[in-house]
A.B. asks: 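Just passing along the structure, written as structure tokens.
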2 protein chains.
Amino acid sequence: MNEVDLYPYQKEVRFYKVLMHPLRLAILDLLRDGEQCVCHMEAVFGLRQAYISQQLMVLRSAGLVEVRREGLNIYYRVIQPEIYTVIDAMRRMTQTEPVLPAKPLLPCHCPTCEVTQVQL
Amino acid sequence: MNEVDLYPYQKEVRFYKVLMHPLRLAILDLLRDGEQCVCHMEAVFGLRQAYISQQLMVLRSAGLVEVRREGLNIYYRVIQPEIYTVIDAMRRMTQTEPVLPAKPLLPCHCPTCEVTQVQL
DNA sequence: CAACCTCATTCATAGCATTGAATATTATTT
DNA sequence: AAATAATATTCAATGCTATGAATGAGGTTG
């Protein structure tokens, strides 16, 4: 049977699969302002570290984020910012807004959170 | 445990899940030029009708397409064209092009295909 | 109304994603 | 080098998605 080759779509499909998860979208939103350590995400979302790491791994193996180590902390940053053009287009379509907690839900001791706490 | 409410992301997530499938992307590409009947899709893609119908159902229950009956044929059309802004943003990011067969892979007798055949 | 189109639905199976729990790894500090 | 802190990985159970096969439902034509 002579059928169309849908293989060329796989590249896009892979990215849609990555975006198909609420926590991964939330992480990408958090990284809009620049790199953050895992510890900070843990505090902001109030979710277990292992779970966050699992989703970060998905983002990493998709080539969307990269990692930088500084002492004990590991900082993630987006290396393919074009992903935000996709996310923003979807937001316009669904008329939704990113929902991030204004303050971290849990106390944290990473540099980012220390600064946040001083500001309070 | 005090954790973030990721529920607001579900609306977007639902659409990403819809886009996460090569045939559904191909169908949306085919519908860029306006409505098409199932029969035509069958011919263009060379895939079994039931399979195409299944994916059309997913597009329909996501509210992306609607249906119009004309005699024996059923025509699908996109009712939320903003979806193309998302798809196009993704295409720019992945630097891919939509791949549709220039001519239907199979003969078809729907109005659209008759016209195509006359043009040959 | 019976045969025939076109399309939709149901069902079953296999595969993949999600997510919690436990544990491993890497770097730092003492 | 042992203890600790931050992050990663593995495992297992469960649920969701994909897809083929079979069948059903609506219209149409003779």
Side-chain angles (χ1 to χ4, degrees), chain A residues 1 3-4 6 9-10 13-27 35-62 65-77 106-114, chain B residues 1 3-4 6 9-10 13-27 35-43 45-62 65-76 106-114:
Chain A
M1 175 110 160
E3 60 180 52
V4 69
L6 295 176
Y9 284 109
Q10 289 305 333
V13 164
R14 255 193 294 277
F15 282 108
Y16 289 127
K17 285 189 183 185
V18 171
L19 296 180
M20 184 190 86
H21 191 288
L23 181 52
R24 295 198 288 263
L25 288 174
I27 290 173
E35 64 178 13
Q36 294 290 352
C37 66
V38 179
C39 156
H40 182 68
M41 300 182 199
E42 212 179 329
V44 168
F45 297 130
L47 294 171
R48 261 194 307 286
Q49 171 271 320
Y51 185 34
I52 295 175
S53 258
Q54 285 168 343
Q55 304 309 328
L56 282 169
M57 203 82 42
V58 175
L59 292 171
R60 195 152 51 114
S61 56
V65 302
E66 251 180 26
V67 142
R68 178 179 70 88
R69 170 153 234 152
E70 185 175 313
L72 280 179
N73 297 314
I74 291 197
Y75 290 84
Y76 279 84
R77 68 180 180 287
L106 298 177
C108 174
H109 312 292
C110 78
T112 312
C113 292
E114 297 283 280
Chain B
M1 175 110 158
E3 59 180 52
V4 69
L6 295 176
Y9 284 109
Q10 290 304 333
V13 163
R14 256 193 293 277
F15 282 108
Y16 289 127
K17 285 188 182 185
V18 171
L19 296 180
M20 186 189 84
H21 192 286
L23 181 52
R24 294 197 288 264
L25 287 174
I27 291 173
E35 62 177 17
Q36 294 291 352
C37 66
V38 179
C39 156
H40 181 69
M41 300 182 200
E42 213 178 329
F45 297 129
L47 294 171
R48 262 194 308 286
Q49 172 271 321
Y51 186 34
I52 295 174
S53 259
Q54 285 168 343
Q55 304 309 327
L56 283 170
M57 202 83 42
V58 176
L59 292 171
R60 194 152 52 112
S61 55
V65 302
E66 250 180 28
V67 142
R68 179 178 70 89
R69 169 153 236 150
E70 185 175 314
L72 280 180
N73 297 315
I74 290 198
Y75 289 85
Y76 279 85
L106 297 177
C108 174
H109 312 292
C110 77
T112 312
C113 292
E114 297 284 280

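None of these values were measured; they are calculated from a predicted model. We name chains A, B, ... by the order of the sequence lines, and we start the count at 1 in each one.
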A.B. asks: What is the distance from CG of Leu106(A) to C1' of dA6(D), rounded to the nearest Å?
C.D. replies: 15 Å
A.B. asks: How close or far is atom P of dA27(C) from atom OH of Tyr75(A), stated in whole angstroms?
C.D. replies: 16 Å
A.B. asks: Please tell me if Arg48(A) has a side-chain N or O lying less than 4.0 Å from either OP1 or OP2 of dT7(D).
C.D. replies: no
A.B. asks: So Ile27(B) and Met41(B), side-chain contact (heavy atoms from CB on, under 4.5 Å) or not? Walk me through it.
C.D. replies: CA-CA 8 Å; Ile27(B) 291 173; Met41(B) 300 182 200; 4.1 Å; yes
A.B. asks: Name the residue closer to the 5' end of DNA chain D, choosing between Gly71(B) and Tyr76(A) according to the nucleotide with the nearest heavy atom.
C.D. replies: Tyr76(A)
A.B. asks: For Met41(A) and dT7(D), give me the distance from atom CE to atom P, rounded to whole Å.
C.D. replies: 9 Å
A.B. asks: Taking it one step at a time, do Glu42(B) and Ile52(B) satisfy side-chain contact (heavy atoms from CB on, under 4.5 Å)?
C.D. replies: CA-CA 7 Å; Glu42(B) 213 178 329; Ile52(B) 295 174; 4.2 Å; yes
A.B. asks: Mind calculating the distance between CG (Leu47(A)) and P (dA21(C)) to the nearest angstrom?
C.D. replies: 13 Å
A.B. asks: With rounding to the nearest 0.5 angstrom, report the NE2 to OH distance, His40(A) to Tyr75(A).
C.D. replies: 10.0 Å
A.B. asks: On DNA chain C, check which nucleotide each of Cys39(B) and Pro22(A) is closest to and give me the residue with the more 5' one.
C.D. replies: Cys39(B)
A.B. asks: Whole angstroms only, please: what is the OH-P distance between Tyr51(B) and dT10(C)?
C.D. replies: 19 Å
A.B. asks: Without decimals, in angstroms, what is the distance between Ile27(A) CD1 and dT7(D) C1'?
C.D. replies: 13 Å
A.B. asks: Nearest to the side chain of Ala50(B), heavy atoms from C-beta on, is which of dT19(C), dA8(C), dA8(D)?
C.D. replies: dA8(C)
A.B. asks: Check every atom of dT7(D), dA18(D), dA8(C) against the side chain of Val38(A) and return the nucleotide holding the closest atom.
C.D. replies: dT7(D)
A.B. asks: Please tell me which of the listed nucleotides, dA18(D), dA8(D), dA8(C), lies nearest to the side chain of Val67(A)?
C.D. replies: dA8(D)
A.B. asks: Need one value for Ile74(B): base, sugar-phosphate or nothing, where a base atom within 4.0 Å counts as base even if backbone is also close, heavy atoms only.
C.D. replies: sugar-phosphate
A.B. asks: State the CE-NZ distance between Met20(B) and Lys17(A), to the nearest 0.5 angstrom.
C.D. replies: 5.5 Å
A.B. asks: Answer yes or no: side-chain N or O of Gln49(A) and base N or O of dA8(D) forming a donor-acceptor pair under 3.5 Å.
C.D. replies: yes
A.B. asks: Looking across every strand, which nucleic acid part, if any, lies under 4.0 Å from Gln54(B) by heavy atom: base, sugar-phosphate, or nothing?
C.D. replies: base
A.B. asks: Got a second to check how far Leu47(A)'s CG is from Gln54(A)'s CD, nearest 0.5 Å?
C.D. replies: 11.5 Å
A.B. asks: If I take atom CG in residue Leu56(A) and atom P in nucleotide dT9(D), what distance separates them, rounded to the nearest angstrom?
C.D. replies: 11 Å
A.B. asks: Atom CZ of Arg69(B) to atom C1' of dC5(C): distance rounded to whole Å?
C.D. replies: 10 Å
A.B. asks: Under 4.0 Å between a side-chain N or O of Arg14(B) and OP1 or OP2 of dT17(D)?
C.D. replies: no
A.B. asks: Look up atom CG in Leu56(B) and atom OH in Tyr76(B), then write down how far apart they are to the nearest 0.5 Å.
C.D. replies: 4.5 Å
A.B. asks: If the cut-off is 4.0 Å, is His40(A) near the phosphate of dA6(D), judged by side-chain N/O to OP1 or OP2?
C.D. replies: no
A.B. asks: Is there a side-chain polar atom (N or O) of Asn73(A) under 4.0 Å from OP1 or OP2 of dT7(D)?
C.D. replies: yes
A.B. asks: Among dT6(C), dT9(D), dT7(D), which nucleotide has an atom closest to any side-chain atom of Leu72(B)?
C.D. replies: dT6(C)
